[in-house]
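These numbers come from a predicted model, not from an experiment. When a residue number appears, it is its place in the shown sequence, counting from 1.
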Amino acid sequence: MDANGMDFVATVDGLPVPVRIPFSSMLAERRQVRAEAARMHRESCAKLGLAPRPDAS
C-alpha cells in the first residue's frame with residue numbers, strides 16, 4: 001500500500017495475478033486510509049447490489 005493505492009494478488013484459474021486497486025485520490029495522512037476504505041466498501045456494495053455493513057463508515 002502506498003499513497004495512491006493497494007496491491008494484492010488474486011488467484012485466477014489457479015494462477016497468481018497481481019491486482020492494483022487505486023484510491024480515489026492521493027492519501028497524505030493515516031486518517032484518510034479508513035475513510036477511503038469505507039468509501040471503497042460502500043461503492044463496491046452498490047455496484048454488486050448489496051447493502052453495506054452499517055459499521056463500515
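Residues Val33 and Met26 are members of separate hydrophobic clusters, defined by side-chain heavy-atom contacts under 4.5 angstrom among Ile, Leu, Val, Met, Phe, Trp and Tyr.
A distance of 12.0 Å separates SG of Cys45 from CE of Met40, quoted to the nearest 0.5 Å. Within the model, atoms CE of Met1 and CD1 of Ile21 stand 11.5 Å from one another, a figure rounded to the nearest 0.5 Å. Annotation: the span from Leu27 atom CG to Asn4 atom CG amounts to 8.0 Å, rounded to 0.5 Å. To the nearest 0.5 angstrom, Arg42 atom CZ is 15.0 Å from Leu50 atom CG.
The minimum heavy-atom distance between Ser24 and Glu36, with the atom names listed, is N-OE2, 2.7 Å.
More than 12 heavy-atom neighbours from other residues, nucleotides or ligands sit within 6.0 angstrom of CZ on Arg20.
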